Amino acid sequence: MLRRSLALACLALIAASAGAASERATFLDLARRGWVYELRSAMWGRDPASIEMHINGHVLSGASICVVGEKPHQATETVLREFTGLTARVFGKPTPIRHGGVDLDGCGTGRTIYLRLYSREVPLAAFGSDLARLDRVFGLGLARSRRQYVVSPGQAATFFGRRGQATHLIVRQPVAGRDLSPLEGRFYASILVEELYQAYTFGMDILQLDRRLAFVSKLQEFPVNLRHVPWDSPAFMEGLLRSTPSGLCRFDLFMLHAIAAAPVENTNTPEFLAYIDAHFDDLLARADATAAAPGFAGILDPGCVAEN
């Protein structure tokens, strides 16, 4: 009986070690695919060498979020409160939320993430005005002949100019004064969480083609064809929620801690990946402690935040 117990214990230890090694390999692969990439600035019709570009989410720690357009719906306020609480815990700096009114002129100066909210028709004119103002202030060099489009209910972009960088989000939110169905609640939280997370971390979408594999990151995306489906329809909401986690995963918390802690100038480099590999266990422990902390339930996906 003793030998059998020892054998079972050894098998359990081996299985646990194999599982840990597999998770480490998965996390490193996702970090490489989502964060180690080359910048493509030629699309803006300018000389890339004339613009200083640094990809490091740590530079946004402590930056304020300035909300313009519509007043935040209560569901939107909940996501903003929990997300800024998360960044404050990870980076050790508060993330103030300001309300700029109808346009960016009310946002003032300082390090700012601009968030335009809308609930009905896409405010294309206001979106164009936002980008024009950012172009003037930061010297982005956007081509005047190039039209800017809103192609999804949640969209984020960081622009690098001769006078600094600017991050702009345009996100659909619930119509004011309406109670939300569970489907609507998950949908609107999902799109806002994703854009905020990508804005803060500079992570790229990660294509996942095998439906049988469980999601590990909010940035993973299974392709679905939702063209010509209205964004406020149940069919669109259900389709989008099937294509990606509804909130942040354990890996996403891990990457937030990695960005906050890594002593690197750029987080889209092999050096950042080497730091993650060398400090994997510590970063994972920090992520698990954050996942267990109160106050973040609305922005986490319970199906992929638990320890594997």
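In this text the structure is predicted, and so the values were computed from the model without any measurement.
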Check your understanding: Shortest non-hydrogen contact from H73 to P174?
Key -> CD2-CB, 3.7 Å
Review point. Distance-only, no hydrogens or angles: does the Q198 side chain make a donor-acceptor pair with backbone N or O of G203 under 3.5 Å?
Key: yes
Exercise for review: Quick one: pull up CG in D232 and CE in M237 and give me the separation to the nearest 0.5 Å.
Suggested key: 6.0 Å
Review point. Between F138 and Y114, what is the ring plane arrangement, given parallel below 30°, perpendicular above 60°, and tilted in between?
Key: perpendicular
**Study point:** Joint hydrophobic cluster, L183 plus W231, side-chain heavy atoms closer than 4.5 Å
**Key:** yes
Practice item. Would you kindly confirm whether L256 and M204 end up in one hydrophobic cluster when ILVMFWY residues are joined by side chain heavy atoms under 4.5 Å apart? Key: yes
Review point. Hey, quick one: are L117 and L124 part of the same hydrophobic cluster, counting side-chain heavy atoms closer than 4.5 Å, chains of contacts allowed?
Key: yes
Practice item. Apply the test side chain to side chain contact (heavy atoms under 4.5 Å, CB included) to residues L104 and T112: give CA-CA distance (whole Å), side-chain angles for both, the deciding distance (0.1 Å), then the verdict. Key: CA-CA 10 Å; L104 302 192; T112 304; over 6 Å; no
Check your understanding: Say you draw a straight line from CZ of F202 to OG1 of T167; how long is it, rounded to the nearest 0.5 Å?
Key -> 5.0 Å
Check your understanding: Is it true that a side-chain atom of Y197 and a backbone atom of K218 form a donor plus acceptor pair closer than 3.5 Å?
Key -> no
Point to revise | L253 and L86, any side-chain heavy atoms less than 4.5 Å apart | key: yes
**Study point:** Working for side chain to side chain contact (heavy atoms under 4.5 Å, CB included), residues V67 and T76
**Key:** CA-CA 11 Å; V67 180; T76 303; over 6 Å; no
**Study point:** Closest contact, heavy atoms only, A156 versus L169
**Key:** CB-CG, 3.8 Å
Exercise for review: Step through the shown structure and confirm whether more than 12 heavy atoms of other residues, nucleotides or ligands are within 6.0 Å of CD on E77.
Suggested key: yes
Exercise for review: Side-chain contact test, heavy atoms from C-beta onward, threshold under 4.5 Å: evaluate it for Y275 versus T269 and give yes or no.
Suggested key: no
Review point. Near R211 CZ, under 6.0 Å, is it more than 12 heavy atoms from other residues, nucleotides or ligands?
Key: yes
Exercise for review: Report yes or no: does Q173 contribute a side-chain atom to a donor-acceptor pair with the main-chain N or O of K71 at less than 3.5 Å?
Suggested key: yes
Point to revise | Non-hydrogen side-chain atoms of M255 and L30 separated by less than 4.5 Å | key: no
Exercise for review: Applying side chain to side chain contact (heavy atoms under 4.5 Å, CB included), run through D103 and V68 and close with a yes or a no.
Suggested key: CA-CA 6 Å; D103 56 44; V68 297; 5.9 Å; no
Check your understanding: Are F27 and F254 close enough that their ring centres sit under 6.0 Å apart?
Key -> yes
Exercise for review: Just do the side chain to side chain contact (heavy atoms under 4.5 Å, CB included) check on L131 and F159 with the steps written out, would you?
Suggested key: CA-CA 10 Å; L131 297 189; F159 303 94; 3.8 Å; yes
**Study point:** Side-chain heavy atoms of L241 within contact of F187, under 4.5 Å
**Key:** yes
Review point. Does F222 offer a backbone N or O that forms a donor-acceptor pair with the side chain of R242 under 3.5 Å?
Key: no
Review point. Taking atom CG of D135 and atom CG of D130, what is their separation to the nearest 0.5 Å?
Key: 12.5 Å
**Study point:** Check: T244 side chain, L240 main-chain N or O, donor-acceptor pair, under 3.5 Å
**Key:** no
Practice item. Just do the salt bridge (charged side-chain N to carboxylate O under 4.0 Å, His left out) check on D105 and R133 with the steps written out, would you? Key: CA-CA 8 Å; D105 290 334; R133 183 184 186 280; 2.6 Å; yes
Point to revise | Distance flag, aromatic centroids of F127 and Y118, threshold under 6.0 Å | key: no
Review point. Any side-chain heavy atom of R120 sitting closer than 4.5 Å to one from V175?
Key: yes
Exercise for review: Write down the atom of Q165, the atom of L60, and the distance for their closest heavy-atom approach.
Suggested key: NE2-CD2, 4.3 Å
Review point. How many angstroms lie between atom CD1 of I97 and atom CZ of F83, to the nearest 0.5 angstrom?
Key: 10.5 Å
Exercise for review: Over all heavy atoms of both residues, which pair between S243 and V224 is shortest? Give the atoms and the distance, please.
Suggested key: CB-CG2, 3.9 Å
Check your understanding: Does a side-chain heavy-atom distance below 4.5 Å link I259 with F91?
Key -> yes
Exercise for review: Could you tell me whether the side chain of R172 and the main chain of V122 form a donor-acceptor pair under 3.5 Å?
Suggested key: no
Practice item. Spell out, as yes or no, whether a donor-acceptor pair under 3.5 Å connects the side chain of E70 to the backbone of S119. Key: yes
Review point. Is the shortest heavy-atom distance from the side chain of L248 to the side chain of V305 under 4.5 Å?
Key: no
Practice item. Taking atom types as modelled, find out whether S64 and R98 have a side-chain donor-acceptor pair closer than 3.5 angstrom. Key: yes
Practice item. Nearest 0.5 Å please: distance from the OG atom of S190 over to the CD1 atom of I299. Key: 12.0 Å
Point to revise | Sidechain-backbone polar pair: N266 side chain, N268 backbone, donor-acceptor under 3.5 Å | key: no
Review point. Is L134 linked to Y149 within one hydrophobic cluster, defined over Ile, Leu, Val, Met, Phe, Trp and Tyr using a side-chain heavy-atom separation of less than 4.5 Å?
Key: no
Study note, to complete from the structure: In short, F296 meets T290 closest at the heavy-atom pair CD1-O, 3.6 Å
Review point. So do L284 and R250 actually touch side chain to side chain, heavy atoms under 4.5 Å?
Key: yes
Practice item. Quick one: pull up CG in L140 and CZ in R162 and give me the separation to the nearest 0.5 Å. Key: 9.5 Å
Exercise for review: Identify the two heavy atoms, one from E195 and one from G154, that lie closest to each other, and give their separation to 0.1 Å.
Suggested key: OE2-O, 3.2 Å
Check your understanding: Under 3.5 Å, side chain of R81 to main-chain N/O of G295, donor-acceptor pair present?
Key -> no
Check your understanding: Can you check whether A285's main-chain N or O pairs, donor with acceptor, with D288's side chain at less than 3.5 Å?
Key -> no
